[in-house]
Structures are given as structure tokens and as C-alpha cells.
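Shown next, in C-alpha cells, is the structure this report addresses.
Nothing here was measured: the structure is a model prediction, and the numbers come from that model. The residues of the chain are indexed from 1 along the displayed sequence. Note: hydrogens, waters and symmetry copies are ignored here, and every other heavy atom, side chains too, is used.
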Amino acid sequence: MSNRLIVFCLFCCITPLFTGAQSRYDILITECLPDPAPSVGLPESEFIELKNCSGRDFNLHNWKISNANSSATIKTDYLLKSDSFLILCPTTSATAYSHFGPTLAISGFPSLYNDEGEIILSSESGTVIHAIHYDKSWYKNELKANGGWSLEMIDLHDPCSGKENWTSSKSDLGGTPGYKNSVDAYNPDEQPPSLINAVTIDSMNIILLFDEPVDSFSASVISNYSISDGIGYPDSVFVQAPFYDQIAVHLQNPLAAGKIYLISLQQIEDCNGNEIGQNNIYKVGIPEKAMTGDIIFNEILFNPPPFGYDYLELYNRSPRIIKCSDLFLSGKNMDGSLKDPAALVSKERILFPGEYLLLTENPDWVIQNYPSAVKSQILSLTALPSLPDDQGKVVLLNTTGKVIDELDYDHHWHSPLLANETGVSLERIQPDLPTSLPSNWTSAAATAGYGTPGYKNSESSSDSAAGQFISVEPKIFSPDFDGYHDFCFIHYNLPAAGYMGTISIYDVSGRKVCSLVNNILLATSGIFRWDGLDDQQNLLPMGHYIIYAELFLPDGMVRKQMLVCVLARAR
């Protein structure tokens, strides 16, 4: 045999070991088992399943599998043939998984975190081939999310849709490592990508976040971006690996401090060719650190129905653009000491003036049970502070430990007209009054679904009587818990500090039916609320009522005023 023939034959033998060029989604992460215990039928060990969806064979030597904190390299030659599966697992469970299909043991296998985590597959050259960022909501089944069941991709032709294309396995064993997924189905992505957040790093740099991976080519066209108020096109844009759902934008002109801009996008597609639609505009601006009173507690659900979830709502009542990464949430012990504060966000988020931010452990549950909830204003937390059903304390802090706002709630703040407190949130009535003022909180209206997560409270009130001595708003109210004029608000604005006050309610016969305020020290301005009840908490009949206010100073000066309101309708 000639030397030439020998060389040719050797080349034929080793050619399959060359990887050649790789592209995104040539090989897919199609299944994983983050929480293997308690076992349903699979080995009690984590695994990752790969499938070669290209038309070529690939040698996986020196490819890497990673999570957010560690990476493991495949140290041996392994030829993953076209249209074939491979199970990756720790060396200790290789024998157990080899019974299910082709298995490759990985030394230093990266841990798959139970609640949420990242899995990143990259080639020898460092190219990200596929990456997923899963969490428990991907299971779409709370029982299976507690362990023993794998997560499976539904449609392998749609590898970049995330949560919408993953669910828990239907296999009796808890998973299908090494062969076709039990949930395999046609599940096309027909939804356009949405811009869900924009974070200003500094005056020249912005990070845009999307709800799914975007197409690198369309996202790299500078003319697809525009910033308002003379900023114009950016200088450069860069789609960030490994998930391709973030774009770094570098500006030509700097943003001005304290100013709010709009960034708008066009013709950007996801990896399935869906072009961005209405969700293509977002506010940007240079953020500041929160000061005391900038961010306030605005709504709280502490007594959800069985299998439900608590929530807390924040509101930016300041004129400042606030960095959420500087905020921490803490419970408070009965002795007044703080429990361990937890960071509000793991990734930066900006809260603009007048915006709401809802905090919960399960956004999906909130959206399902409060259909008007604003999804874009809901933030998922691993854990909220404990919120007991009767009373509790929760504190918002900044990075220095300074209290931004503090809420000591009590279930007695709910409306006495409410038959059942379960699933009903407490709403703040006026943002400018103290958080600890019980009369500034009440139950969310029935017509609002007993909660307004992420948007204006159903029972909110503006101080339209500002500048007047004593006034009522509205003059006709109907305590029927429908969210419209459920209370009579009594506003006061005093010319000086030091006034004591008594406010009573009389019927048209001159009989006192309610002692609303009894000889208390008043601030220079404020608000009281009458809910149409007498002193025994009984609902009064419809009709005209007289509000009599008597205010006096220690030097003997007395101010008296009578106002009329109408209790129009009640259940």
C-alpha cells in the first residue's frame, strides 16, 4: 500500500473527530433534573440531556457545561452524532444513567440549583451553543416542582422561547433521559419579543432587557434604536451572551442627570423571526439612591387564600429616578430589632417617579388571581419577609441601613364592612400621609378584585381640599365597598401647630352617632376618614349627616366648623 493511500485512510478514520464550525442551537439542552429528590423513578442525581439537532456530527472534546458560578470541561473525545441524545451527569451517577442511554460522566459537574439556575453549553472556541435560565415556574406544576421530576423542552424547533417551551415531564419515571421527551409537541413561537426593562448604567451606557432571546443580526443594526430629546442613534450596540436577551447600548451623547428619556426600537426580531411590536419603548434616565420617604409601602396582601402568596407593593412618590439595587427588605421582630435584610433585586432595576413595583414569591399566582395586575411591574423574590395574618412589621432600607419606609400593619385596618379578609389587600389611601397612620389604610374594593397589584389603588384619594381649614371629600359617599366614594374624607389645614381637636358626626335629629376624633393633638394638616359607621361599628342608614369639628389652642383660641355630607347608599 502506498504512503499516499495510508494517509488517505487515516484521514478517513479521524475526520469524524473534527468539530468544524458550530452555530447557536446546533446542539440543544433538551432536558434537565435540577432537584432529583425524592426520586420518582430516576437515579437520585442531577443530569443534563443534549440533542444534536444539526445535520453534522460533533466531537465534544473541550466543550464546556456551566452554571452561573462554575464550569466543567469535557476532557475526552466524544462524537455526538446527528439526531442523537447524550446524558451528562456527575461521575458518581454515570453507571446508573447509562441504563437509560448514552452517558458521559463529567468531572466537576456544575450543580443545578433547585429553585432557579443557569445551564450554558459552549464549544471549544467559547461560542455559546445553547443556554437556558430556568426557575420553578417552568414546571407549571407545584407538586412536581418539589423534586424528582425533570424539566423537558416541548418543541425542539423552538429552542429560544424559554418558559413557554418548557414544562415538567409526564413520564412515570419522572423524566426521559436519553430519548424523546414525554412532552414533545408542536409549540411554535408566534409572539414578538418585548422590551421589558432598561437599566441606565451611567450617562453613556444603557442595558436593554427582553423577555426572550433576540436575533443578533437585527439587534446589531444601530438605526433600529433611537433615544428622545436629541440623543438620537447610539454609537454602538452589542447583544450579550449567553442568553442573548440583553443588549448593551453605548450612546453618542450623554444623558442629563434628573431627566427622563425614551428609547424606542424597531425591526428587532427574536430567533424565530417575530418582529418587535408595541412593547418597543422604555423610559431611561440616570438613577439616584433612595432617600427616606422616597419609596413607600403602598399595598400589602398578608392573608392570601390557601395555597396563595403574599405580596408587597412599593410606590415611588419622589421626583427622583431610583436604583432598586440600593434597596433592602427586612422583617422586624416584636422587640423592634431587624431581621436579616435581603436585597430587593439581583439584577438592576430602575423605579421612575410615580411608578409601582410589586414584590411577591409567585408572580404567576398574582396575575391569575388579580387579572388586572400589571405584569411588567411585578418582581419575583425568592422569599418575602414573614407577613402574619393578624399583624406584622416590614421595613425598606438602603445600603447604609437607613430606613426608607416602615409599615406596622394590623388586620383591624380592614374595613369593618368586610365579611372575610382572606385574599383582600390593604391599600394606602394617600401617599403623602404617614405610613403608620391606620386611617390612611383600608381594604381594596370588591370591584377591583380586592387588590390592585402594580397599579393605582382602588381606594386612593388626592388631597383636593389642600389650603382649606376644614373640608370634606366627597360630599356624597356610599359605603358599599365598590371602590367608588366608599368613604367620606375630612381634610384639615391649620394656620399653626399645637391645635387639639375633636370631630363628631351627628344625624339630622341632632343625635351624636360617631365620635370620630376625641381631643387629640393635630398636625398642621392631615385627613380623617369616616366609613359611615356609628360608635358600635354598625352601618348607619342613608341620609344627611353633620360633621362638627371643634379645634382649640392652649391659649384658649377655639375654632368651630360644621359641614354636611350625605350617606347615599349602603349594603
Side-chain angles (χ1 to χ4, degrees), residues 133 162 191-216 218-270 274-290 294-295 314-316 318-327 343-359 363 374-380 454-455:
H133 189 161
Q191 296 299 313
S194 295
L195 177 60
I196 59 173
N197 200 3
V199 177
T200 305
I201 305 302
D202 54 43
S203 64
M204 297 295 291
N205 294 283
I206 301 168
I207 301 294
L208 305 179
L209 294 89
F210 296 81
D211 64 344
E212 62 176 319
V214 295
D215 168 61
S216 297
S218 62
S220 298
V221 179
I222 290 176
S223 60
N224 285 343
Y225 304 79
S226 180
I227 301 96
S228 67
D229 295 85
I231 301 299
Y233 295 140
D235 180 64
S236 63
V237 294
F238 177 72
V239 185
Q240 297 182 323
F243 302 108
Y244 301 95
D245 59 354
Q246 298 186 21
I247 299 176
V249 178
H250 181 70
L251 306 179
Q252 296 187 60
N253 304 300
L255 303 176
K259 188 170 183 178
I260 299 175
Y261 301 82
L262 293 177
I263 185 166
S264 57
L265 316 179
Q266 62 178 351
Q267 298 180 2
I268 292 177
E269 300 177 351
D270 63 17
N274 300 306
E275 185 175 312
I276 194 166
Q278 294 181 345
N279 298 319
N280 66 330
I281 299 176
Y282 215 89
K283 290 183 285 190
V284 294
I286 300 174
E288 305 177 52
K289 292 185 177 181
D294 283 350
I295 309 296
L314 304 179
Y315 175 67
N316 183 358
S318 79
R320 284 183 282 277
I321 303 169
I322 301 298
K323 292 173 60 177
C324 290
S325 60
D326 291 328
L327 298 175
L344 205 63
V345 296
S346 56
K347 296 180 180 179
E348 186 61 273
R349 185 184 179 106
I350 306 300
L351 195 59
F352 287 88
E355 279 191 343
Y356 303 87
L357 185 62
L358 192 89
L359 314 174
V374 182
K375 183 178 180 180
S376 61
Q377 301 305 116
I378 300 178
L379 186 64
S380 177
Y455 62 103

Going by heavy atoms in the side chains, are [X] and [Y] under 4.5 Å from each other?
X      : Y      : value
Lys283 : Leu262 : yes
Val374 : Tyr356 : no
Val237 : Val249 : yes
Pro287 : Ile322 : no
Asn280 : Leu195 : no
Asn279 : Asp211 : no
Gln240 : Ile207 : yes
Leu359 : Leu357 : yes

[X] side, atom [atom1]; [Y] side, atom [atom2] - distance, nearest 0.5 Å:
X      : Y      : atom1 : atom2 : result
Leu255 : Ile260 : CG    : CD1   : 11.5 Å
Ile276 : Gln266 : CD1   : CD    : 10.0 Å
Phe210 : Asp270 : CZ    : CG    : 11.0 Å
Gln278 : Ser194 : CD    : OG    : 9.5 Å
Arg349 : Lys323 : CZ    : NZ    : 15.5 Å
Leu351 : Arg320 : CG    : CZ    : 12.5 Å

Closest non-hydrogen atom pair, [X] against [Y]:
X      : Y      : answer
Pro193 : Val214 : CB-CG1, 4.4 Å
Ser203 : Leu251 : O-CD1, 3.6 Å
Leu327 : Ala290 : CD2-CB, 3.8 Å
Gly454 : Leu358 : N-CD1, 4.1 Å
Pro353 : Ser318 : CB-O, 3.2 Å
Ala198 : Ile206 : CB-CG2, 4.5 Å

Strictly distance-based, threshold 3.5 Å: is any side-chain N or O of [X] a donor or acceptor partner for the main-chain N or O of [Y]?
X      : Y      : answer
Tyr225 : Ser236 : no
Tyr282 : Ile196 : yes
Glu348 : Cys324 : yes

**Message:** Assess the residue pair Leu344 and Leu314 against the criterion (side-chain contact (heavy atoms from CB on, under 4.5 Å)); give the C-alpha distance rounded to whole Å, side-chain angles, the decisive distance to 0.1 Å, and a yes or no.
**Reply:** CA-CA 11 Å; Leu344 205 63; Leu314 304 179; 3.9 Å; yes
**Complete:** side chain to side chain contact (heavy atoms under 4.5 Å, CB included) test vs Val199 passes for just one of Val284, Leu208, Asn205, Leu209, namely Leu209
**Flag if over 12 foreign heavy atoms under 6.0 Å of NZ, Lys289** =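 Counting other residues, nucleotides and ligands, NZ of Lys289 stays at 12 neighbours or fewer.
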**Message:** Could you check whether atom OH of Tyr233 has more than 12 heavy atoms from other residues, nucleotides or ligands sitting under 6.0 Å from it?
**Reply:** no
**Message:** Between Asn253 and Ile231, is the side-chain contact (heavy atoms from CB on, under 4.5 Å) condition met? List the steps.
**Reply:** CA-CA 6 Å; Asn253 304 300; Ile231 301 299; 4.2 Å; yes
**Prompt:** Between the side chains of Ser218 and Gln267, does any donor sit under 3.5 Å from an acceptor?
**Reply:**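 No.
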**Asked** Going through the checks in order, is the side-chain contact (heavy atoms from CB on, under 4.5 Å) test met by Met204 and Asp202?
**Response** CA-CA 5 Å; Met204 297 295 291; Asp202 54 43; 3.8 Å; yes
**Request:** For His250, enumerate each residue passing the ring pair (Phe, Tyr, Trp, His ring centres under 6.0 Å) test, keeping only those at least two apart in sequence or located in another chain.
**Result:** none
